[in-house]
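All remarks here apply to the structure that follows.
Keep in mind that this is a model prediction, so the values were computed, not measured. As a basis for the values below, the full set of heavy atoms in this structure was taken, side chains included, without hydrogen atoms, waters or symmetry mates.
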There are 2 protein chains.
Amino acid sequence: MTDPQTITTIRAASRLLVRELGFMGGDFAGTDLPPSAVHALIEIEGGEITAKELSQRLHLEKSSVSRMLRKLVGANLIMETPGTDARVKTLSLTDSGADRLAAIHRFASTQVKTAVQGLQPAQTATIAEGLALYAQALAQTDLPSAPIHYHCGYQSGLVARIIGLHMDFYAKHAGFGDVFETALARGLSDFIPRAQNTRNAIWTAQRSDKIIGSITIDGEDLGHDIAHLRWFIVDQNTRGSGVGRALLDKAVAFVDAQGFCETQLWTFKGLDAARTLYEAQGFKLADEQPGTQWGAEVLEQRFVRKHIAA
Amino acid sequence: MTDPQTITTIRAASRLLVRELGFMGGDFAGTDLPPSAVHALIEIEGGEITAKELSQRLHLEKSSVSRMLRKLVGANLIMETPGTDARVKTLSLTDSGADRLAAIHRFASTQVKTAVQGLQPAQTATIAEGLALYAQALAQTDLPSAPIHYHCGYQSGLVARIIGLHMDFYAKHAGFGDVFETALARGLSDFIPRAQNTRNAIWTAQRSDKIIGSITIDGEDLGHDIAHLRWFIVDQNTRGSGVGRALLDKAVAFVDAQGFCETQLWTFKGLDAARTLYEAQGFKLADEQPGTQWGAEVLEQRFVRKHIAA
DNA sequence: CGAATTAAGTTGCATCATGCAACTTAATAC
DNA sequence: GTATTAAGTTGCATGATGCAACTTAATTCG
């Protein structure tokens with residue numbers, strides 16, 4: 001159960017937010033338009049939308065939307081074009097509406113920028129993440145999120161983040177604790193100084209400068225021309241969006257380019273999504289045995305992928 | 001400058017939030033009261049407030065507040081008692097108003113709890129932190145935050161978090177990179193298995209289950225009955241709130257209880273807030289010399305605190 | 001094919017929160 | 001002792017909103 005104090009904080013912050021954003025009556029976003037009209041324009045800007053959809057998205061009654069739209073049409077901010085179904089009208093911005101909306105965007109962006117001006121980038125990232133999480137939780141819907149970038153090589157905070165991502169997942173799903181976390185720290189502190197070597201590589205996936213996934217090829221520790229796939233992890237909030245696949249693709253491409261004779265990885269039973277990815281890339285289960293070395297009993301698995309001749 | 005995508009995310013989340021919280025017209029929080037009245041009741045519950053103050057806090061014109069208050073009085077939800085200045089009336093809840101507000105609180109808390117139900121505790125903490133940061137940034141004011149708890153001993157994700165907190169700070173303020181991060185990981189992976197030993201201890205400060213500070217006494221690595229104060233770090237968002245002092249107090253109390261002959265710590269010049277804390281606890285600068293071992297030149301400092309006889 | 005039903009959007013109507021401006025009453029300044 | 005300022009109220013106009021009834025078009029079903 002969530003800490004009541006946390007709930008209180010969330011509520012207090014929500015109230016303050018709503019007031020500061022100018023929702024307690026009056027005009028809005030530096031225009032003479034009511035809040036609902038501003039929201040409507042932004043939705044219409046997103047493309048192809050009807051009055052009904054607007055009503056759903058804005059949580060307004062269809063009659064209110066109808067009237068609001070007529071005002072916007074009257075002000076020459078939007079146009080209605082009949083669809084194939086003669087009952088529905090598709091909405092779009094006029095040039096003048098686009099100009100007006102651009103001004104609104106400028107105003108609102110400036111408002112946000114001014115607010116976060118004195119904050120650390122990490123704090124701004126926390127704001128974006130926290131707001132997005134909460135809005136999505138309330139709306140039970142997804143918000144378009146910032147694009148994901150991929151990088152190769154060490155980044156500041158990478159060791160911390162890889163360990164953190166592992167613990168977020170494995171503490172809960174496998175019951176691993178200090179032994180596992182310590183092993184991660186030891187393994188990474190051994191690898192990072194070697195990360196630049198020709199046969200090694202480490203990749204990260206990042207969104208808004210936050211690391212949300214990582215994968216490593218250690219080409220040295222197993223010897224015998226065997227590549228070792230290590231520390232493959234994706235943020236729990238980001239799973240299922242193809243980040244894991246993209247990272248694994250990069251690792252496998254590197255292995256093939258380097259011409260390793262095979263690739264090995266250790267995991268354990270129950271991580272089905274990962275296993276699917278491994279098998280799609282030609283990994284096959286080689287060994288399986290129970291183990292407790294990391295503080296909880298799991299069925300350890302070794303996967304092997306043989307070199308695919310070019 | 002903040003990433004435009006981040007600004008966009010913040011704005012999109014804000015819009016969604018406002019809609020989902022029921023601010024686009026209509027009733028509110030499961031009552032027949034308008035949003036402004038609900039906000040007013042919550043403010044009045046906070047104690048001693050006048051119409052003028054309400055007007056400022058809710059960003060409403062005084063006439064609107066005046067009318068709203070008369071309705072609340074009419075509904076027997078609040079009372080007005082004349083102050084010493086006969087022009088002002090102090091507002092307070094009636095019993096019936098307190099009941100109604102309690103119902104509102106129940107409704108709203110349930111709404112929040114339901115929303116965050118499926119999330120990880122860390123995600124809920126991010127929500128609280130992000131919303132509070134943003135609301136405070138917009139309003140230029142402080143919000144009461146969740147209480148801070150202190151724990152002794154390992155916690156899941158502790159190694160990751162200590163490294164992460166260090167990198168957040170030292171990457172920016174000292175230019176440290178992979179060498180420093182790797183050293184942290186190595187040091188911690190050496191210490192954590194020894195954390196339970198009698199002469200060692202590690203403390204964390206947590207808010208909403210998120211680690212926001214830590215400190216360690218390593219009673220073994222320096223030998224000669226010397227305590228080593230290590231990994232003293234506080235989250236940048238939390239600095240200045242006494243968390244650092246509280247952690248250091250615990251460490252020093254442990255050292256004294258264990259009867260170490262002295263305590264040593266390594267830091268470097270420029271960390272003035274920390275130095276103040278050290279000196280307040282009897283640490284004195286012992287050595288100072290330039291060093292580049294962590295990837296950037298700093299003036300390394302060694303502080304020593306002699307045992308204070310009981 | 002034709003009637004019944006459903007869907008998208010509009011209009012009549014009443015409500016009510018809001019801001020501006022003018023006002024009342026009390027405290028303070030000079 | 002008068003002028004000014006402050007807290008709150010009232011007149012008035014505006015306008016956003018929801019409900020209910022309506023129009024028009026598409027779909028379903030016999």
Round to the nearest Å and state the distance from B:Leu60 atom CG to C:dC20 atom C1'.
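Going from CG in B:Leu60 over to C1' in C:dC20 covers 14 Å.
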How many whole angstroms separate atom CG of A:Leu58 from atom C1' of D:dT17?
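Result: 13 Å.
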Under the side chain to side chain contact (heavy atoms under 4.5 Å, CB included) test, residues paired with [X] that sit two or more places apart:
{"X": "A:Lys71", "value": "none"}
{"X": "A:Glu80", "value": "A:Leu69, A:Val73, A:Lys89, A:Leu91"}
{"X": "A:Ser92", "value": "A:Met79"}

Distances under 3.5 Å only, N/O to N/O: pair up the protein atoms with those of nucleotides 4-8 of chain C.
from  : atom 1 : to      : atom 2 : distance (Å)
C:dA7 : O4'    : A:Arg87 : NH1    : 3.4
C:dA7 : N3     : A:Arg87 : NH1    : 3.0
C:dA8 : OP2    : A:Lys52 : NZ     : 2.8

For B:His151, ring-ring contact (aromatic ring centres under 6.0 Å, His included) partners two or more places apart
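Not a single residue meets the ring-ring contact (aromatic ring centres under 6.0 Å, His included) criterion with B:His151.
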Phosphate-side-chain proximity, B:Ser36 and C:dT18, N/O vs OP1/OP2 below 4.0 Å:
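For C:dT18, OP1 or OP2 has a side-chain N or O of B:Ser36 closer than 4.0 Å.
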Side-chain N or O of B:Ser63 less than 4.0 angstrom from OP1 or OP2 on C:dG19?
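False: B:Ser63 side-chain N/O out of range (4.0 Å or more) of C:dG19 OP1/OP2.
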Which residues share a side chain to side chain donor-acceptor pair (under 3.5 Å) with A:Gln236, sequence neighbours left out:
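Listed in chain order: B:Gln120.
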Taking only residues two or more places apart in sequence or in another chain, which ones pass side chain to side chain donor-acceptor pair (under 3.5 Å) with B:Ser66?
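B:Ser66 satisfies side chain to side chain donor-acceptor pair (under 3.5 Å) with no other residue.
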Starting at the 5' end of DNA chain D, which residue's closest nucleotide do you reach first, A:Glu61 or B:Glu61?
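The answer here is B:Glu61.
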Side chains of A:Asp235 and A:Phe169 in contact at under 4.5 Å (non-hydrogen atoms):
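No, their side chains stay 4.5 Å or more apart.
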What pairs of residues pass the salt bridge (Lys or Arg N to Asp or Glu O under 4.0 Å) test when at least one of them lies in residues 33-52 of chain B, not counting sequence neighbours?
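As it turns out, the salt bridge (Lys or Arg N to Asp or Glu O under 4.0 Å) pairs with a partner in residues 33-52 of chain B, which skip direct neighbours, are A:Arg19-B:Glu43, B:Glu43-B:Arg57.
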Name every residue in residues 66-81 of chain A that has at least one heavy atom under 4.0 Å from any atom of DNA chain C, in order of residue number, or write none if there are no such residues.
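Per residue number, the list reads A:Ser66, A:Arg67, A:Arg70.
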